[in-house]
Amino acid sequence: MSKPTLIKTTLICALSALMLSGCSNQADKAAQPKSSTVDAAAKTADNAASQEHQGELPVIDAIVTHAPEVPPPVDRDHPAKVVVKMETVEKVMRLADGVEYQFWTFGGQVPGQMIRVREGDTIEVQFSNHPDSKMPHNVDFHAATGPGGGAEASFTAPGHTSTFSFKALQPGLYVYHCAVAPVGMHIANGMYGLILVEPKEGLPKVDKEYYVMQGDFYTKGKYGEQGLQPFDMEKAIREDAEYVVFNGSVGALTGENALKAKVGETVRLFVGNGGPNLTSSFHVIGEIFDKVHFEGGNGVNHNIQTTLIPAGGAAITEFKVDVPGDYVLVDHAIFRAFNKGALGILKVEGEENHEIYSHKQTDAVYLPEGAPQAIDTQEAPKTPAPANLQEQIKAGKATYDSNCAACHQPDGKGVPNAFPPLANSDYLNADHARAASIVANGLSGKITVNGSQYESVMPAIALSDQQIANVITYTLNSFGNKGGQLSADDVAKAKKTKPN
Ligand SMILES: [Cu+2]
């Protein structure tokens with residue numbers, strides 16, 4: 001994990017800690033998940049110095065991290081009293097591009113910071129609710145044994161601090177969340193995080209560890225509707241989520257924020273599900289989990305494709321990455337991935353291994369028995385040229401809805417960092433023939449659309465020249481684009497030039 005960032009942030013935090021102010025602001029402003037907090041600072045600054053003896057237990061400050069960073073393994077063979085400072089903060093943040101939301105958070109981000117302790121440790125929670133909060137908040141630790149998991153003990157009005165402690169009796173990966181009424185609303189606004197209670201003997205060493213937490217969001221506006229979106233209680237009650245995301249926003253784990261690993265490394269994902277409503281069918285496209293601690297417990301299953309993570313539950317998945325490429329983290333209830341945001345990337349770099357994965361080796365014409373030899377005319381009779389522009393747009397819409405909408409979205413706005421927009425696309429409007437060629441030949445490599453970079457792959461779409469003409473004509477005349485029209489002949493010419 002990126003040590004330099006951690007250390008840098010740690011220094012900043014150490015300074016602000018001296019001035020008695022939190023470091024969550026710096027961490028948030030960067031809007032990048034690679035930050036730690038005051039707690040990390042205190043601990044990293046001098047572990048030994050902060051250990052005093054209280055009774056028999058040494059007292060240490062917890063190292064906590066913002067997702068997707070994970071605190072380092074516990075390096076102790078004895079129990080300790082671990083002090084966890086938590087702060088609840090209500091703040092407006094980005095939910096998706098152009099979409100803001102009034103989040104309620106632990107530590108200024110969604111999910112809350114990850115905590116890592118050892119089985120048998122005593123956790124002292126110093127729970128502060130920021131003075132600017134409008135609501136009281138508390139915390140229910142699924143890792144705690146006792147009424148409410150600490151909910152009652154930690155109930156805290158704005159501008160107050162409460163303290164309570166619990167003993168981590170059982171190892172596992174546990175959710176914590178706010179449990180102030182209306183509980184569903186506090187969770188729906190982002191109040192959840194993970195605590196790992198390592199077994200006494202620790203976890204086997206791996207090369208990379210990441211913290212990923214899914215949550216569902218209920219906004220008044222539809223998915224992608226711009227502006228500050230209020231919470232919609234009715235949708236929440238109907239469990240009709242507009243957004244399902246990893247780590248608090250659409251794109252939190254894509255593009256520059258993608259998780260990273262190198263070929264040959266072992267990767268461990270600590271995956272939680274805050275809910276409030278939806279069960280996650282957690283899957284990494286192109287990987288098989290070698291091991292899954294299902295439901296976050298001791299049970300280990302092997303060779304798993306998709307693991308269920310209930311709302312208010314967690315799982316630990318482990319796998320070795322053998323082949324370079326982009327591996328896509330999804331909720332395999334798949335409309336959530338491609339239409340509601342539950343999509344992240346693990347970028348693996350290194351040497352190809354063609355024995356394990358060959359990539360496409362050949363692309364030969366497939367002619368079933370008796371099929372005509374001339375493939376360039378096979379589609380033509382099926383799609384006659386439309387009578388006029390209006391008819392062509394109508395035909396193009398049908399082609400769009402069944403061939404393009406899954407990626408570019410029904411409204412053409414695309415998915416940040418994954419699928420570029422066709423709506424108002426400067427790239428599309430600049431060159432209609434190139435667009436036709438993209439559909440016929442596919443496209444990969446870096447492109448810039450409306451100022452944002454994309455480096456992804458669009459497969460060639462098997463359509464006739466007429467269908468391509470129709471679908472491009474439809475997009476040119478929809479989604480705020482500037483108009484235009486292509487014929488089948490234009491497409492036949494255009495597709496001879498490969499895009500890029
Ligand atoms: Cu709350």
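Here the structure is a predicted model, which is why all the values come from computation and not from measurement. For the numbers below, each heavy atom of this structure counts, side chains included, while hydrogens, waters and symmetry mates do not. In each ligand, atom 1 is the first atom listed, and ligand 1 is the first ligand listed.
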#### Entry: Any N, O or S atom of N138 closer than 2.8 Å to the Cu ion (ligand 1)
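So N138 does not bind the Cu ion (ligand 1) by this criterion.
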**OP:** Evaluate the criterion side-chain contact (heavy atoms from CB on, under 4.5 Å) for residue pair E90 and H130; output intermediate values, then yes/no.
**Re:** CA-CA 8 Å; E90 300 167 6; H130 195 279; over 6 Å; no
With a 4.0 Å cut-off, would you call K81 and E56 a salt bridge?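 Looking at E56 together with K81, the answer is no, because their closest N to O distance does not fall below 4.0 Å.
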What class does the angle between the rings of H332 and H283 fall in, given that below 30° is parallel, 30 to 60° is tilted and above 60° is perpendicular?
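Perpendicular: the ring planes of H332 and H283 meet at over 60°.
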- Message: Between L308 and S281, is there a side-chain heavy-atom distance shorter than 4.5 Å?
- Response: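 Yes, at least one pair of side-chain atoms sits under 4.5 Å.
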- [ ] Measuring from the Cu ion (ligand 1), name the closest N, O or S atom belonging to H137.
- [x]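 Nearest N/O/S atom: ND1.
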Atom name of the N, O or S atom in H186 that lies nearest to the Cu ion (ligand 1):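 Minimum-distance N/O/S atom of H186 relative to the Cu ion (ligand 1) is ND1.
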